[in-house]
Amino acid sequence: MSAENVNQKYQQIWQTVQCIPFGKVASYGQVADLAGLPGRARLVGKALGKVPNGVWQGQSVPWFRVINSQGKISFAQGSDAFEKQRKLLQDEQVVVLHGRVKLKEFQWQPDITELLHKLSY
DNA sequence: TACATGACACCTA
DNA sequence: ATAGGTGCCATGT
């Protein structure tokens with residue numbers, strides 16, 4: 001696996017995450033699937049930790065809108081990262097209780113046609 | 001080369 | 001709801 005290929009995968013992931021709208025969340029697996037990388041949820045976490053300055057292509061990457069498939073924040077409760085993510089989510093009206101978000105209410109339901117328009121792969 | 005380690009997901013208890 | 005086992009694969013040692 002060449003470095004270029006890896007970087008391309010990261011970019012697909014970043015681009016997909018940028019499509020998650022304000023006030024909504026997506027799971028790592030969901031992002032992986034939409035990014036054309038089914039079964040690669042763990043790669044999404046890696047990619048999010050590697051966004052240069054939290055920005056890609058002049059747009060911020062809302063990493064905090066990505067949580068696990070159970071609706072939980074994946075950082076350890078009480079950690080700085082955990083608190084930061086909780087705050088950022090609550091700042092956009094996403095309810096976080098016990099480190100968990102109700103996916104029924106807040107999970108992003110992507111519009112396929114809109115997505116095809118936005119994603120370049 | 002081998003092994004450990006993840007911002008995970010899925011299935012079974 | 002929680003816990004353990006397995007699959008996954010890029011990274012780091």
Side-chain angles (χ1 to χ4, degrees):
Chain A
M1 181 73 58
S2 72
E4 291 94 54
N5 274 333
V6 172
N7 197 45
Q8 185 193 338
K9 288 173 184 168
Y10 284 173
Q11 291 180 14
Q12 290 173 193
I13 289 168
W14 298 336
Q15 193 178 355
T16 303
V17 170
Q18 287 178 328
C19 293
I20 306 173
F22 180 99
K24 290 293 177 184
V25 299
S27 74
Y28 294 91
Q30 182 183 2
V31 170
D33 289 347
L34 293 172
L37 301 165
R40 310 290 298 284
R42 304 192 76 138
L43 190 60
V44 173
K46 282 221 176 296
L48 291 181
K50 287 178 170 294
V51 193
N53 302 313
V55 174
W56 184 66
Q57 297 282 293
Q59 264 192 252
S60 70
V61 178
W63 57 270
F64 57 88
R65 294 184 188 143
V66 184
I67 57 184
N68 71 27
S69 65
Q70 298 180 26
K72 294 196 291 188
I73 289 177
S74 287
F75 291 113
Q77 287 216 19
S79 65
D80 289 352
F82 175 94
E83 292 303 334
K84 189 187 325 178
Q85 183 165 13
R86 184 175 57 71
K87 180 185 186 316
L88 288 168
L89 285 173
Q90 292 184 146
D91 280 351
E92 35 186 73
Q93 334 303 327
V94 173
V95 179
V96 184
L97 286 181
H98 309 301
R100 196 179 318 140
V101 171
K102 281 193 181 181
L103 292 179
K104 272 288 184 75
E105 259 183 273
F106 299 103
Q107 184 167 40
W108 175 37
Q109 246 81 49
D111 179 277
I112 298 304
T113 52
E114 184 183 335
L115 213 57
L116 287 177
H117 179 262
K118 287 185 178 176
L119 302 182
S120 56
Y121 49 88

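Values in this document were obtained by computation on a predicted structure and should not be read as measured data. Within every chain, numbering begins at 1; the chains are lettered A, B, ... in the order of the sequence lines, protein sequences first and strands thereafter.
Listed pair A:Tyr10 / C:dT11 meets the phosphate criterion, a side-chain N or O lying under 4.0 Å from OP1 or OP2. One finds no side-chain N or O of A:Ser27 lying less than 4.0 angstrom from the OP1 or OP2 phosphate oxygen of B:dC8. Contact annotation: A:Ser69 reaches the phosphate of B:dA9 (side-chain N/O to OP1 or OP2, under 4.0 Å). Note on A:Arg40: a side-chain N or O is less than 4.0 Å away from OP1 or OP2 of C:dA10.
Between the CH2 atom in A:Trp63 and the NZ atom in A:Lys84 there is a gap of 5.5 Å [rounded to 0.5 Å].
The CD atom of A:Gln70 sits 10 Å away from the C1' atom of B:dC8 (whole-angstrom rounding). Rounded to a whole Å, the NE2 atom of A:His98 is 13 Å from the C1' atom of C:dA1. Spacing between atom NZ of A:Lys102 and atom P of C:dA1 amounts to 11 Å, rounded to whole angstrom units. The separation between A:Arg42 atom CZ and B:dA4 atom C1' is 11 Å, rounded to whole Å. Separating the OH atom of A:Tyr28 from the C1' atom of C:dA10 is a distance of 16 Å, rounded to the nearest angstrom. Atom NZ of A:Lys72 is separated from atom P of C:dT2 by 6 Å (rounded to the nearest Å). Atom CD1 in A:Ile67 sits about 16 Å away from atom P in B:dA7, given to the nearest Å. Between A:Ile13 atom CD1 and C:dC8 atom C1' the separation is 13 Å, expressed in whole Å.
When each of A:Gly39 and A:Lys50 is assigned the nucleotide of DNA chain C with its nearest heavy atom, A:Gly39 is the one assigned upstream, toward the 5' end. Mapped onto DNA chain B by nearest heavy atom, A:Asn68 and A:Lys46 fall at different nucleotides, with A:Lys46 at the one closer to the 5' end.
Looking only at distances, a side-chain donor or acceptor of A:Gln15 sits under 3.5 Å from a matching main-chain atom of A:Lys118. Although no hydrogens or angles enter the test, the distance criterion places a donor-acceptor pair under 3.5 Å between the side chain of A:Gln85 and the main chain of A:Phe64. No side-chain donor-acceptor contact under 3.5 Å links A:Gln12 to the backbone of A:Gly36.
Under a cut-off of 6.0 angstrom, the local environment of CG in A:Asp91 is crowded, with over 12 non-hydrogen atoms contributed by other residues, nucleotides or ligands.
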